[in-house]
Amino acid sequence: MVSFKSFALLTVFSTLAVAVPVRREVPQEHSHESILRAVRTSLNLNNPDQIQDPVFSLLGDAAAKAGAGKITDLACFQQAVADQAFTNAKAKGDTAGMVNALIFRAIERNTGGVGVKSALCTQTAKNPEVAALTQHQDPASDGAAATNKAITLELAKQIASIGGNPLDALKSGTFAPGSKSDNTGKGNSCDDQNDAEGCIFTQNLLVKDATEAEINAAVAGVSSSGSSGNNAATSTSDEDCAEEMDTELSVAVTVTVTATAAAEATETCAPPSSTVTVTVTPAPTARR
C-alpha cells in the first residue's frame with residue numbers, strides 16, 4: 001500500500017520533472033511542415049509498424065518512443081518512416097510523394113542541446129534511395145557545414161534518380177548555427193504546426209547547404225528511372241520513325257504492265273484482264 005508520504009514525494013518529483021528546465025534544443029519538428037504533412041499522407045496508406053505520426057520520429061528519444069509503434073531502434077525511427085512512405089508512394093507511382101519521403105529522411109532531428117549531434121541509424125533501409133541518406137546535423141555541431149552539404153548533394157542525386165527536381169534537395173536544409181553556450185536552447189530555429197508551408201521557409205530561416213551550380217554538377221550523369229527516362233525513350237522512338245518515314249517517302253517505283261488482252265490505243269489504264277507488276281526499290285537515304 002502506498003503511504004501518504006510516498007504519494008506526496010511522488011507528486012513533488014513529478015512536478016519537478018515538468019518544471020525544471022532541461023538544456024536542449026528548442027523544438028523544431030514542425031519547421032518543415034509541408035514535407036511532414038506530405039509524408040504523413042504517404043505513410044498512412046500502409047503503416048505496418050503502427051507509427052503514431054511521422055512527427056514523433058523528429059523528436060528526441062524520450063518523446064519519440066511514445067509514437068514509435070513497433071519501431072524499437074529509435075535512431076532508425078526517422079529512416080523507418082521515410083522508407084515506408086517512399087514504398088507507399090512508389091507503389092502509387094507518386095514521384096512527388098517519393099521525393100518528399102527522401103527530403104524527410106534528410107531533415108534535422110531534435111537533440112539534447114545546441115550543437116549536439118543526433119545518433120545515426122546503423123540499419124539498412126529497404127529502398128536504396130533512402131538507405132543512401134542520413135539526417136542533417138545541428139548546424140552548431142562540429143563539422144556540420146561539410147556534413148550537411150554532403151547530405152544535400154547526395155539527396156539531390158537520389159531525387160534525380162527517380163525523376164524529381166534535384167534542386168528540391170535544398171528544402172532539407174536547416175537553420176543558421178546557434179551558440180553552444182546558449183543555455184536556453186533557442187538557437188535560430190522555429191516551430192509552428194499551423195504554418196502549412198513550414199516556418200523555416202516562410203520566415204526565410206533556411207540556410208542552403210549548396211548552390212544550384214553545385215547541385216547540377218553533382219547530378220550530372222545521374223540516370224533517371226522516372227518520367228524523364230520515358231521521355232527520352234519516346235524521343236528516340238520518334239526519331240527512328242522519322243528516319244523510317246524518310247526512307248518510305250524516298251523510293252523509286254518501276255511499273256511494268258504486261259497486257260494479256262488487246263487494249264485500245266486511247267485507253268490510259270490497263271484493261272481488266274491485264275497483269276500489273278509493281279517493283280519498289282528504296283532509294284538510299286542518309287541517316288541523321
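Position 1 is the first residue of the sequence, and the numbers go up from there. Not measured: the values here are computed from a predicted model.
Checked by atom type, the side-chain pair S118/Q135 shows a donor-acceptor distance below 3.5 Å. Inspection of the D49 and Q84 side chains reveals no N or O donor paired with an N or O acceptor under 3.5 Å. Side chains of Q28 and E108: a donor-acceptor N/O pair is present below 3.5 angstrom, by distance only.
The shortest non-hydrogen separation linking L43 to P54 is CD2-CG, 3.8 Å. Contact record, A125 with V130: CB-CG1, 3.8 Å, taken as the closest heavy-atom pair. Contact between C190 and S31 at its shortest, heavy atoms only, is O-CB, 3.7 Å. Summarising the geometry of A64 relative to F56, their closest heavy-atom pair is CB-O, 3.1 Å, with the distance given to 0.1 Å. In this structure, E154 and A132 approach most closely via the heavy-atom pair CG-O, 3.6 Å. Closest heavy-atom contact between A218 and V222: O-CG2, 4.2 Å.
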With side chain to side chain contact (heavy atoms under 4.5 Å, CB included) as the test, would you mind laying out the steps for Q79 and I71 before giving the verdict?
-> CA-CA 11 Å; Q79 174 177 281; I71 304 299; over 6 Å; no
Verdict with reasoning, K117 to T111, per side chain to side chain contact (heavy atoms under 4.5 Å, CB included): CA-CA 7 Å; K117 294 183 178 181; T111 56; 5.9 Å; no
- Item | Worked verdict on R105 versus I151 for side chain to side chain contact (heavy atoms under 4.5 Å, CB included) | CA-CA 10 Å; R105 176 63 188 100; I151 291 171; over 6 Å; no
Would K180 and D142 satisfy salt bridge (charged side-chain N to carboxylate O under 4.0 Å, His left out), going step by step from the backbone distance to the final call? CA-CA 11 Å; K180 292 182 180 181; D142 296 338; 2.9 Å; yes
Intermediate values then yes/no, side chain to side chain contact (heavy atoms under 4.5 Å, CB included), I159 and I103: CA-CA 9 Å; I159 291 176; I103 296 174; 4.2 Å; yes
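K171 places no side-chain N or O within donor-acceptor distance of the main-chain N or O of N100, the cut-off being under 3.5 Å. The backbone N or O of E129 sits nowhere less than 3.5 Å from a side-chain atom of N127 that would complete a donor-acceptor pair. D138 contributes a side-chain N or O that, together with a main-chain N or O of G115, makes up a donor-acceptor pair within less than 3.5 Å. Formation of a donor-acceptor pair under 3.5 Å by the N46 side chain with backbone atoms of N88 is not found in this model. A donor-acceptor pair under 3.5 Å is formed between the side chain of H32 and the backbone N or O of G173. Counting only distance, with no hydrogens or angles, the side chain of Q78 and the backbone of F104 share a donor-acceptor pair below 3.5 Å.
In this structure, the side chains of Q158 and S161 come closer than 4.5 Å at one or more pairs of heavy atoms. Between L102 and I162, some side-chain heavy-atom pair lies under the 4.5 Å cut-off. Under the 4.5 Å side-chain criterion, counting only non-hydrogen atoms from C-beta, D209 is in contact with H136. V114 places none of its side-chain heavy atoms less than 4.5 Å from the side chain of S179. Using a 4.5 Å cut-off on side-chain heavy atoms (C-beta onward), H30 and D192 make no contact. Contact annotation: the side chain of N110 never approaches that of L58 to less than 4.5 Å [non-hydrogen atoms, C-beta and beyond]. D195 is not listed as a side-chain neighbour of F201, based on a closest heavy-atom distance of 4.5 Å or more.
By the neighbour-count criterion of 12 heavy atoms within 6.0 Å, atom CD of E212 is sparsely surrounded, having that number or fewer from other residues, nucleotides or ligands. No more than 12 heavy atoms of other residues, nucleotides or ligands sit less than 6.0 Å from atom NZ of K65.
Considering N148, L205, V207 as possible partners of T174, the one that fulfils the side chain to side chain contact (heavy atoms under 4.5 Å, CB included) test is N148.
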